[in-house]
Every structure is written in C-alpha cells, then in structure tokens.
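Data first, discussion second: the structure below is written as structure tokens.
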Amino acid sequence: MSKIPKVLKLNNGFSIPTIGLGTYKSSPNEVKDAVEYAISIGYRHIDTAKLYGNEKEIGDALVNILKSGKVKRDDLFITTKLWNNFHQKNLVVPQIKESLKLLKLDYVDLYLIHWPFAFKEDAELLPTDSSAYSDVDYLETWEGMEECVTQGLAKSIGLSNFNKQQIDRVLQNCKIKPVVNQIEVNPNLSQPELIKFCQDKCIVVTGFCPLERFGNSRDPNYPGPTAQDPKVIEIAKKYNKTAPQIILRYLLELGISVIPKSVNPTRIKENFEITDFDLDCEEIEYLKSRNKGARVSAMLQYKDHKYYPF
Ligand SMILES: NC(=O)c1ccc[n+]([C@@H]2O[C@H](COP(=O)([O-])OP(=O)(O)OC[C@H]3O[C@@H](n4cnc5c(N)ncnc54)[C@H](OP(=O)(O)O)[C@@H]3O)[C@@H](O)[C@H]2O)c1
C-alpha cells in the first residue's frame, strides 16, 4: 500500500495537504463548481493568487461549502499569493486584506510572495517594458509578510519561484521562517537540487505545473508532454491508471506536495486518486530520466530584472 502521507508537516507545526487543486486559468465562471466539487470528493488544499483573478468566485464556493457544514474551516488549507506590484512593505497587509475579503475568509493558511521581482505599484500586472520594474528588495517584502502572521491574517508565509541564494538571504534575515517554496516541478523539470536544498532547510516544496500544462512550453529543450510518452502510457495501463496519474504519483515520491489544475470533474477526481498504487524503482528511474530542465513557467520577458530567479 502507498506510503504517501496525506499531509506534510511545516516548520511551524501546521500541515499542508499533499494534493491540492490549482486554479491558474480556471475562469471565474468555472472555478466555483470546480472548487466545490473538489472539496466534496476530498480535496482540502486550494491554490489561488491575486494574479488569477478568481479569488472572489473561490470565496463564493468556500461560503457554500462551509455553510453546508460538511467541512469546517480548520479542515481546509487555502493558499493565495502577493503579486509583484505590491512588494513595498506597507502594501503587503492591505493586499492580503483585499484577498481575504474576496475569499470571504478571516485568514489564509498560506500567503506566498509569488515571484522575487517587483513591479511599480501603478504599472500593469504583467507589464511589457522594463520601465515598470521596481527594485524593492524581497527582504523588505518579507517584513510585510511577517506582519500578516503577526496580525493573524495568515497562519503561514512562504515563497514562490525563489532560487537557493534568494531563499538563503530570506533565511538569514527573517524573524519568521518561510514554510514553503512553491516552484515548477514536473518530469521535465524535476528540480532535485532545489528540492534537496529546501528540504535540508525544513522548507516544504509545492510543485506547480505538475502536468507541464499539457505541453505548453516554449523551451527548446522541452521534449514534449510526458503524458504522451509511450512508456508512461504503458506504465499507466499496467496499473489501470492514466498517464497524468502516473506523473502525479511519481512527483509525490519526491516528497513534495502537488497542485494540478483542472476544472473538469472527471480530471479533478482522477488527479486525486493517485495514492492507491505504488510505482516500482525502474518506473521511477524512467520518469527521473525525463528531466531535461525545460521550464513551462519561465517569465522570460522579465529575465533582465535584478531579482529574476532563473
Ligand atoms: N507559483 C507560481 O508561479 C505558479 C505558476 C504556475 C502555476 N501555479 C499553480 O499551480 C497550478 C498547476 O499548474 P498549471 O495550472 O499551470 O498546470 P498543470 O496543472 O500542469 O496543467 C493544467 C492543464 O492540464 C489539464 N489537465 C489537468 N488534469 C488533467 C488530466 N488528468 N488529464 C488531462 N488533462 C488534464 C487542465 O485542463 P482542464 O482544466 O480542462 O482539466 C489544464 O489545461 C496552477 O493552477 C496554479 O494554482 C503556480
């Protein structure tokens, strides 16, 4: 039987459910049903962000679910993220308050700095030219994040898309340690070094784009979607599973949490049913061998920013 734990312990005593529902590009009219369905079949971890523009509808879903009494607030783990235009220390608390209002919650379980680099407050959310860059240091942002914990607005705080040096700088200067680094992890970018680095520092890794967004990578090294690899399809047949289930199961072997996105009930269910079988060593080794270091989410347009992480 599978040895995958249902939750991973964070360095502050709280726990993060191993499998969560991603919601990037889950449109406002789809996400409410997706979240309600996911929670009804056992998901307890929902990942969103200011950038995704769907916090309000996720909040509507949470109100319905909590009203039904089937799930308590304490049972849920809700993550949202601070966007790059709001990295100044004094903007962080107002930003989390805005997210909480949309989510209709008193607190989030986890608040993340979405990316280490900042934009000016009055710029577009995804600016197209470097005049919108701001050089606010993410250490200043971290002080604002700590204030979110102090004020009870976030149970835990963490990072996303931070590299080793950036994590180290935060660790050396923080009062409250980050509990999570949310980074891209999939068979083509399995990140063994960064995962080990985080685990050695007691920081849990959450892997985003676990399904490689189904081949949506512009990296020339990208060998194509792992879900379409004939060998992975063969492994899936052996276990009476689908190729995405094999991929997600493999990622859990890395000791991380995963947040596959779907708005389709069949796929939401499929992505959750990944702990009732075990892969063998050879199958895991094969999946490991697909690591070509190709990114789906590179934000290459900002690569000349002082704090660009890759
Ligand atoms: N921190 C960050 O910077 C960052 C960056 C990117 C993503 N994220 C988070 O990580 C989550 C996951 O990443 P992602 O959404 O980019 O990519 P992903 O989860 O790798 O892939 C999502 C895509 O795969 C499809 N899909 C999902 N399950 C499937 C299945 N079992 N079979 C076939 N197709 C399937 C979805 O379509 P359907 O909806 O139609 O099923 C969607 O098109 C995001 O939603 C977001 O919450 C964070």
Side-chain angles (χ1 to χ4, degrees), residues 16-17 19-35 37-38 41 43 45-55 58 77-84 108 110-117 125-126 158-163 166 178 180-191 194 204-218 222 225-229 232-233 236 241-251 256-274 294-300 302 308-310:
I16 184 168
I19 307 169
L21 181 73
T23 66
Y24 176 53
K25 293 209 186 286
S26 299
S27 64
N29 65 330
E30 298 169 315
V31 78
K32 182 169 166 283
D33 288 349
V35 168
Y37 177 70
I41 62 157
Y43 282 76
H45 169 181
I46 309 291
D47 183 82
T48 183
K50 164 157 186 130
L51 181 73
Y52 305 167
N54 56 19
E55 290 174 306
I58 292 176
F77 191 98
I78 311 296
T79 302
T80 193
K81 313 185 191 87
L82 176 79
W83 188 243
N84 307 354
V108 285
L110 181 60
Y111 198 44
L112 302 175
I113 304 184
H114 206 146
W115 287 86
F117 52 83
L125 292 184
L126 290 167
L159 310 169
S160 178
N161 297 298
F162 275 54
N163 66 31
Q166 292 169 331
V180 159
N181 190 23
Q182 186 181 117
I183 55 174
E184 180 176 340
V185 189
N186 50 54
N188 285 306
L189 186 75
S190 58
Q191 306 254 35
L194 188 50
V204 167
V205 168
T206 294
F208 72 69
C209 296
L211 299 172
E212 301 156 14
R213 229 176 260 164
F214 268 75
N216 205 346
S217 171
R218 279 178 286 165
Y222 184 63
T226 305
Q228 284 166 16
D229 176 332
V232 176
I233 293 171
K241 292 281 174 185
T242 65
Q245 287 175 311
I246 298 300
I247 294 169
L248 294 170
R249 180 67 184 79
Y250 156 67
L251 296 176
I256 64 172
S257 71
V258 291
I259 45 172
K261 173 264 175 185
S262 182
V263 289
N264 173 291
T266 308
R267 295 193 282 274
I268 291 174
K269 188 162 187 287
E270 182 179 324
N271 296 343
F272 199 63
E273 293 176 342
I274 54 172
R295 266 175 215 286
V296 172
S297 175
M299 287 274 184
L300 275 177
Y302 306 123
Y308 183 75
F310 314 133

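One-based numbering, in listed order, for ligands and for the atoms of each. The figures that follow rest on heavy atoms only: side chains count, while hydrogens, waters and symmetry mates do not.
Annotation: side chain of T48 is not in contact with side chain of V31 (no heavy-atom distance under 4.5 Å).
Between the side chain of N181 and the main chain of G158, no donor-acceptor pair closer than 3.5 Å is present. Between the side chain of N186 and the main chain of C209, a donor-acceptor pair closer than 3.5 Å is present. The backbone N or O of E270 sits less than 3.5 Å from a side-chain atom of Q245, completing a donor-acceptor pair. Proximity of a side-chain donor or acceptor of N54 to a complementary backbone N or O of S26 within less than 3.5 Å is detected. Looking only at distances, no side-chain donor or acceptor of E184 sits under 3.5 Å from a matching main-chain atom of R295. At least one donor-acceptor pair closer than 3.5 Å links the side chain of E30 to the backbone N or O of S27.
From the protein, the heavy atom lying nearest to atom 44 (C) of ligand 1 is Y24 CB, 3.5 Å. Nearest to atom 14 (P) of ligand 1 among the protein's heavy atoms is R213 NE, 3.9 Å. Looking at atom 29 (C) of ligand 1, its nearest protein heavy atom turns out to be R267 CD, 3.4 Å. Summary of contacts: the protein heavy atom closest to atom 12 (C) of ligand 1 is I259 O, 3.0 Å. Shortest contact from atom 36 (C) of ligand 1 to any protein heavy atom: K261 O, 3.5 Å. Scanning all protein heavy atoms for the shortest distance to atom 46 (C) of ligand 1 gives Y52 OH, 3.4 Å. When only non-hydrogen protein atoms are considered, atom 34 (N) of ligand 1 lies nearest to F214 CE1, 3.2 Å. Looking at atom 2 (C) of ligand 1, its nearest protein heavy atom turns out to be F208 CE2, 3.2 Å.
The parts of C209 lying near ligand 1 are both backbone and side chain, judged by heavy-atom distances below 4.0 Å. With a heavy-atom cut-off of 4.0 Å, N161 touches ligand 1 through its side chain alone. With a heavy-atom cut-off of 4.0 Å, S262 touches ligand 1 through backbone and side chain alike. Neither the backbone nor the side chain of E184 has any atom closer than 4.0 Å to an atom of ligand 1 (non-hydrogen atoms only).
At under 3.5 Å, not a single nitrogen or oxygen of K81, backbone or side chain, sits near a nitrogen or oxygen of ligand 1.
Listed by atom number, the atoms of ligand 1 under 4.0 Å from H114 heavy atoms are 1 (N), 2 (C), 3 (O). Annotation for ligand 1: atoms under 4.0 Å from non-hydrogen atoms of P210 are 12 (C), 19 (O), 20 (O). Numbered from 1 in the order shown, with element, the atoms of ligand 1 that lie under 4.0 Å from a heavy atom of D47 read 9 (C), 46 (C), 47 (O). For ligand 1, the atoms sitting less than 4.0 Å from at least one non-hydrogen atom of P260 are 19 (O), numbered in the order shown with element in parentheses. Atoms of ligand 1 found under 4.0 Å from any heavy atom of Q182 (numbered from 1 in listed order, with element): 1 (N), 2 (C), 4 (C), 8 (N), 9 (C), 48 (C).
Taking each heavy atom of P187 and T226 in turn, the nearest pair found is CB-OG1, 3.6 Å. Shortest non-hydrogen contact noted between V185 and G207 is CG2-CA, 3.7 Å.
Remark: Y24 pairs with Y52, R213 by the side chain to side chain contact (heavy atoms under 4.5 Å, CB included) rule, at least two apart or across chains.
For the residues L211, I46, N54, V296, the heavy atom positioned nearest atom 20 (O) of ligand 1 is part of L211.
Aromatic ring orientation, F310 versus W115: perpendicular (interplanar angle above 60°, classes split at 30° and 60°).
Comment: K81 engages D47 in a salt bridge, judged by a side-chain N to carboxylate O separation of less than 4.0 angstrom.
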